[in-house]
Amino acid sequence: MKKRIGVFLCWCGSNIAEVVDVDIVIDAMKKYQGVAHAEYYKYFCSEPGQEIIEKAIKEYKLDGVVMASCSPAMHEATFRKAAVRAGLNEYECEIANVREQCSWVHRMQKPEATLKAIKLISSMVEKLKMNEPLIAASSPLIKRALVVGAGISGMQTALDIANSGHHVMLLERDPAIGGHMAQLAETFPTLDCSQCIMTPKTVEVSQHPRIKLITYAEVESIKGNVGNFKVKIRLKPAYLDRKKCTGCGVCIEKCPMKVSSEFNQHMGKRKAIYVLSPQAVPNKPVIDRENCMYLKNKKCGICSKVCEVGAIDYDQTEQTIEEEFGAVVVATGYDLYSQEKLGEYGYGKYKDVISGLDFERLNSASGPTAGEILRPSDGKVPKNVVFIKCTGSRDPENAMPYCSKICCMYTAKHAILYKRKVPDGQAYIFYMDIRSGGKGYEEFVQRGMEEEKALYVRGRVSKVFEDDGKIVIWSVDTLSGRKIEVKADMVVLATAIVPRHDAKDVGKMLNVSTDEFGFHKEAHVKLRPVESPTMGLYFCGCGQGPKDIPDSIAQAGCAANKVNNLFSQEKLFGEPVVACVKEDVCTGCGLCVAACPYDAREIDPKRKISVVKEALCQGCGACISVCPNNASELKNMSMDQVFRMLDQLQ
Amino acid sequence: MHGTAKEYDVSTRAVCKELGIELKEVPDWNCCGATSAHSLDEDLALTLPARNLKIIEQEGLDVIIPCAACFSRTKICAHTMKNDKDMRRMIEEKVGVEFKLNTNIYHLMELLAEKVGLCEIKKHIKRKLDGLNAVCYYGCLLVRPHGITDLDDKENPRFLDMLMASIGVNAIDWPYKTECCGASLSLSKGDAVTNLVSKMISCAEEADAEAIVTACPLCQANLEMRQGKGQKMPIFYFTELLGLAFGLKEVEEVLKEHLVDTHSVVADNVGAASGREL
Amino acid sequence: MNESILPQEIKQEIKETLKKCYACGKCTSGCPMAAEMDFPPREFLKMLALGKESDMLSSKTIWVCSSCQTCYSRCPFEINIPEIIDRLKAYVYKRKLSNKEKPTQVLHKVFLDNIKRFGRIHEAGFIGEWKLFSGKWFSDLFLGAKMFFKGKLAIFPEKIKKIEEVRKLFK
């Protein structure tokens, strides 16, 4: 039982002191039983502030510290370290949150807020009186990372981790790596070819001694926790022995079955045995089970006959492997909003209404038109092209409420690319706002307007329809107030970025929480932007939110650094606030074993009571709430402590 | 229906009889007030259709509404009562009855396409209207307000096209399916409305349509009356074409009532006179 | 919006949506009557947001709107422009304010009077009465004659039985 507790009330600038009467609080706490010292300061989180705490602990021989300040999520670690420096145990410092839970929410009720602050602090003092010093148990750490998704973000993360000396497994759902970036033609704001700047990375990833690349595979399940994840991976059958295959491409050439190409946004054909693109890494084909005539009804078999090394294997089946990792980075990327849902724009109905990604394929030298701008309906060069921004974005009632961030820039790029290839053509861009915050971005947009004469019209298009071989656009120029009708040859929709269609399910399976749209949810939006609330899980790229290539690369590096930080420890020290068992009360009923999500409880076969595996316990409290006779308790949060705290809050 | 929309009335009754749908005219119905009521008096726009709903509930039947405006207003009335307690109290007080709100409100087109079904309709065909190229016009109020009328896709409805295709009509897709024809202003702003309608008719002509098919008496009358100079596009109720396909004599009779001559289109494609019997 | 001018006419939740307007112009883009309006829908909303309700009460816009709801159905915030317009029209009508589109207002009034009198619309009577009050005496005479001979415009009004029930609703 602690008898010399110090109370430190932080003003937090004016955040707390403006609402809570700090003098009254300090007076009250000085008189409180068990409190040996109380004082306030403007910023305890500052260095001089921390020194005050350290000095006071020594001077007044304090055996515990209550910090009345902001949320423990902000500065618990800071203050606990200060207490440790002055000779206390980390867990002899507790936080009473008088900012988020008091001053911020009671701006208009100052006297009541002061009273509430006193109650919150008193309750924490009561808890602290019975706190024990705790020391964290350590557990082994597997220094090997899994990266899910091999787009530009996933590749970059894998490279950054591997180059720091750790082993990485890079997993990709498609037959080849590169993600959406592999589909792009040129990239803003420098207009360098997407493939050209990406190929060094794809090659490095595939040849790196510490990266194990697995394509055409998906995560099936994940178990365990930070430092020790057990992951089941499903390998989809390629119907081809990738070790034997030389990538000569004869099978593809001879395959008689033509199928619409997903990689070319359904504007071209691929074969039933195929590689994603000419630059695909790995450059080994897979057979598409749905369309292969041999796999469907045992007819054909040409690929097997022409393969000189006998790599085709129609009997291949799905396989599952289990691997262990210390950390997982999720980089699952994005999809485009299904434009068919916006009926007024006629995507899917009119061939010459295409998405931004479709336009990238038209521009790409490896695309269906070999880089020529030809409209899909009749293969003619479109002389008037309309670009519509914010289709699906910034449309809360009909589609997605958020800004997709990259469309302003890629539309400017599209207009420039178009004018370079069709110098006598005219580009119209219908926009609501031009968002070009980024290095060199505004200049890039201006270049499109000035040099390439892209006509920017401020107004949202209401309807797009086909009339006599032209695509008619009904819009408005809100700056002049005139209605505008454009008869165009082709329309390009700047489609909203949405998470992968199965992002929510995948998130649930991986234990990465997602927001209402399916984007990954950060542990803290600003301060921990690549960390999941679950330890050991990180993310980067468009799965977290719409972003361009530079941002994706930066975030990927950040996620890799977090993994490296984790791997820099020799052992993993867990959270010492774990469950414990009152052995004389436990009846060994086993309810806690069933309730534990971390496999941290088991029944001791000899003593017939429940025990806690401290290294696995995360202190979630599930066992405590199911225990019928209160035998389970959380360390430093005993039933007695809770009741004492509640007494103060009445 | 007894006046300008006589053709709709006759053809609807005839088609329903053929399909074995027993129709009973809502006894002593009143006008829903249409655009005029919701323009000048919000309460009236709800209570007028509510009185009809009262009668319908008393009869204990479901209701089929052939007019787009009445359909939209009646749906809005039922929707408001379901979702706004205060309004419901006001309406019930004025109409003098407590509503159960258990009546199904169908538009005729919806009933035929979804409840009766295209297969059933095909069974009744005497002669297919194979040669007829037509565009289907839904107008603005069948699909709006979306979420209240709850009918088909709000930008690209298909019901009418499906019905027409089932009797052999070549239903051509066109962009004006749900664009407004300006019917509510047809009298007071004739020139502006003629502008709108003539644009629509030209688009239909360019699409090689010989006729426009509608599902609303206001649209039909407005599209007929407000065509541009030299335009002579016949405007059919979808029930008239169903009636023709079913070989119903009374429907053939009533076709003469149209302001724009329908004879040539019918004679050319349907062979009403000679009878291209199946 | 200035609460003092339009106290109860427009529901608070609809006023709230005005604040959200992107001013993107999708309403005007798709409006079939925008060319006839003195303030196309986007400008109309902006004026309301700026507190210029009195100007909008006397605008042509509110009477020219055909109530087709295209703007409402495509608006990114589902701002219910047709309803706002309805409320302004009702305000003008109830307080007998002057307006620039008399024929349309008279049309609506005569239409409702017709319902009050007969419970339904007596088309010939309604059109005749409208012509008398609106001053558009000679418009569409030819069309009317044609419709009369086709038997489309009945001379005698059809009255519903329980007309008192309908009249009660008008009180």
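Every chain is numbered from 1, with letters handed out A, B, ... down the list of sequences.
- For the pair B/L185/C/E36, no side-chain contact is recorded, criterion being any heavy-atom separation below 4.5 Å from C-beta on.
- No part of C/C31 comes within reach of chain B, as not one of its non-hydrogen atoms sits under 4.5 angstrom from that chain.
- If you tally non-hydrogen atom pairs under 4.5 Å between each of C/I62, C/D86, C/L112, C/V92 and chain B, the highest count goes to C/D86.
- Taking chain C as the reference chain and counting heavy-atom pairs below 4.5 Å, the highest number among B/L48, B/V95, B/D43, B/D41 is found for B/L48.
- Contacts between residues 163-170 of chain C and chain B, counted as heavy-atom pairs separated by less than 4.5 Å, involve C/E165, C/V166, C/K168, C/L169, C/F170.
- Distance check, rounded to the nearest 0.5 Å: CG of B/N30 to NZ of C/K162 gives 12.0 Å.
- Residues of residues 67-76 of chain C lying under 4.5 angstrom from chain B, judged on non-hydrogen atoms, are C/S67, C/C68, C/Q69, C/T70, C/Y72, C/S73, C/R74 by number.
- Taking both residues in full, the closest heavy atoms of B/C31 and C/I115 are given as SG-CD1, 3.6 Å, listed atom of the first, atom of the second, then distance.
- Other residues, nucleotides and ligands place more than 12 heavy atoms under 6.0 Å from the CD atom of B/E59.
- The contact between B/K94 and chain C is made by backbone and side chain atoms together, counting heavy-atom distances below 4.5 Å.
- Residues C/G30 and B/E179 approach most closely at O-OE1, 4.2 Å, considering heavy atoms.
- A donor-acceptor pair is defined here as one N or O able to donate and one able to accept, closer than 3.5 Å; no such pair exists between the side chain of C/S66 and the backbone of B/S184.
- With rounding to the nearest 0.5 Å, the separation of CG in C/L107 from OG in B/S39 is 9.5 Å.
- Between C/E83 and B/E42, the closest side-chain pair of non-hydrogen atoms falls below 4.5 Å.
- Distance check: B/L40 CG to C/Q105 CD gives 6.5 Å after rounding to the nearest 0.5 Å.
- Ranked by heavy-atom pairs under 4.5 Å with chain C, the first of B/C180, B/A50, B/S72 is B/C180.
- In terms of heavy-atom proximity, B/G33 sits nearest to C/F111 at O-CE2, 3.6 Å.
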